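Some notes on the structure that comes next.
Because the structure is predicted, anything quoted here is derived from the model rather than measured.
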Amino acid sequence: MTHDLTQAPPHPSVVIFVHVFYPDVWSEMARVIAAHVATPFRLVITTPLDPSEIVPLASPFLISQVTRTSENRGRDILPFLLALEAEEPFEIGLKLHTKRSPHRADGHLWRQSILASLLPPPPGVDEIISALRDTPKLGLLAPEGLLLPLRDRLNDNRRQAERLAAEICGGHGRAVLKQGWFAAGSMFWFRRGALQDLSASRLIGEFPPERGQLDSTGAHALERLFVIAAEHRGFVALPADALAQASSVKTKEDAHRIAAERPPSEHSWLPSRPLLIAQRYVPFLAWTYRRIPPRLQQGLRRILPSASKRPPRSS
């Protein structure tokens, strides 16, 4: 696919949002974006850092760019929602952040697998954008193996997620979450209209000051609700490796079935059900696990029985 940049609008229909907390990881991401995105796009960077620490993106397809400085609050979620609310109308977006997950020994591998899925080599990105444009029902595209059922993956965020889901969908939050799915890692392609219910000005009170929390914050609850928000607006979400099936999906149940047929990513480790029950009803187990060294966590995941080695059940 070729693009005549002399005819490109000053505000293109594709916007890439990146929250930069780790400048070295952004340098890696910038190289991937420059090499793999071959359609006119706008770049919106959010960061709590001095903008001079962020290397510029060099791409002939970059039409415009803005860097929005923000306080270190709400991880990548609140800055994204604020930038989304401030942005001029556009059609298709890509949400990224400089994910390092220092509490996980496989954090860098998880990030690299997400980037490989969402930003494949040419013509992969053009195919994703074309599918979103040609399939009005498709509202969100998650990384391969990371569109997962919410059941048993709410951790300590259940009560806040239930309340927020009820506010977004106008129904019973627990029932919504029971059938819900989410994009693990909070990076995905999306249609702007799919996220219109996530208002930063309304949700800003959900985000406490940053204290290095590993869970149980507004950011952790809301990152699990992007797919639910899209489905509430009548859209569907799919994993990136199901893109070819997008035109045949009519309902969210169709999309859930397709996602359930695919094996989860190796980075989406989920304990077996007995361990999940123990974690839920013996709270100190989860508290203790989150505070042991990352390499020991990885060792435990290798020896403990896992529920993520089999495809998740459909809803």
Side-chain angles (χ1 to χ4, degrees), residues 1-3 12-17 32-33 36-42 61 80 84 89-96 113-150 168-169 176 179-198 223-265 267-268 311-315:
M1 182 181 295
T2 60
H3 302 277
S13 62
V14 175
V15 180
I16 298 177
F17 297 84
V32 175
I33 293 170
H36 295 176
V37 179
T39 192
F41 68 96
R42 171 172 165 83
F61 296 96
F80 167 67
L84 191 64
F90 66 95
E91 182 184 9
I92 293 165
L94 171 61
K95 180 189 178 299
L96 302 173
S113 71
I114 289 174
L115 291 181
S117 181
L118 297 180
L119 290 167
V125 172
D126 274 348
E127 291 173 350
I128 290 172
I129 293 171
S130 294
L132 282 160
R133 283 178 171 154
D134 297 342
T135 314
K137 194 77 174 174
L138 182 58
L140 189 146
L141 193 74
E144 179 179 348
L146 290 173
L147 183 60
L148 303 171
L150 269 171
I168 292 168
C169 300
V176 171
Q179 302 299 323
W181 290 63
F182 79 115
S186 67
M187 290 190 257
F188 48 81
W189 286 92
F190 65 97
R191 186 182 302 279
R192 177 64 184 97
L195 302 185
Q196 60 183 302
D197 288 328
L198 299 178
E223 73 174 336
R224 289 165 166 80
L225 301 180
F226 285 112
V227 171
I228 284 174
E231 291 178 344
H232 178 61
R233 282 287 167 179
F235 297 98
V236 299
L238 288 173
D241 55 325
L243 195 63
Q245 295 173 262
S247 61
S248 65
V249 176
K250 305 302 181 186
T251 66
K252 66 180 182 180
E253 288 77 19
D254 291 341
H256 295 175
R257 175 183 51 77
I258 290 171
E261 291 170 352
R262 284 162 167 74
S265 164
H267 305 295
S268 65
R313 294 171 298 176
S314 66
S315 59

query = Short question: side chain of Lys95, backbone of Ser186 - any donor-acceptor pair under 3.5 Å?
reply = yes

inquiry  = Working to the nearest 0.5 angstrom, can you tell me the gap between Leu148 CG and Trp181 CH2?
reply    = 7.5 Å

Aromatic contact, Phe17 with Phe80 (centres under 6.0 Å) = yes

ask   = Thr135 side chain to Ala131 main-chain N or O, any donor-acceptor pair under 3.5 Å?
value = yes

task = Go through the steps for Glu261 and His256 under the test side chain to side chain donor-acceptor pair (under 3.5 Å), then give the verdict.
result = CA-CA 9 Å; Glu261 291 170 352; His256 295 175; over 6 Å; no

message = Could you report the tightest heavy-atom contact between Ala237 and Ala255, atom names first, then the distance?
response = O-CB, 3.3 Å

request  = Kindly say whether Gly193 contributes a backbone atom to a donor-acceptor pair with the side chain of Gln196 at under 3.5 angstrom?
outcome  = yes

message = Treating Asp254 as the side-chain partner and Thr251 as the backbone partner, does any N or O pair qualify as donor plus acceptor under 3.5 Å?
response = yes

query = Between Arg192 and Gly93, is there a donor-acceptor pair closer than 3.5 Å when you use the side chain of the first and the backbone of the second?
reply = no

query = Do Phe226 and Phe188 have ring centroids that are under 6.0 Å from one another?
reply = yes

ask   = Do the side chain of His36 and the main chain of Pro122 share a donor and acceptor less than 3.5 angstrom apart?
value = no

task = Inspect the contact between Arg257 and Glu253 and indicate whether a charged nitrogen and a carboxylate oxygen are less than 4.0 angstrom apart.
result = no

request  = Answer yes or no: is there a side-chain heavy-atom contact under 4.5 Å between Phe182 and Leu140?
outcome  = no

request  = Drop me the distance from Ile129's CD1 to Thr39's OG1, to the nearest 0.5 angstrom.
outcome  = 4.5 Å

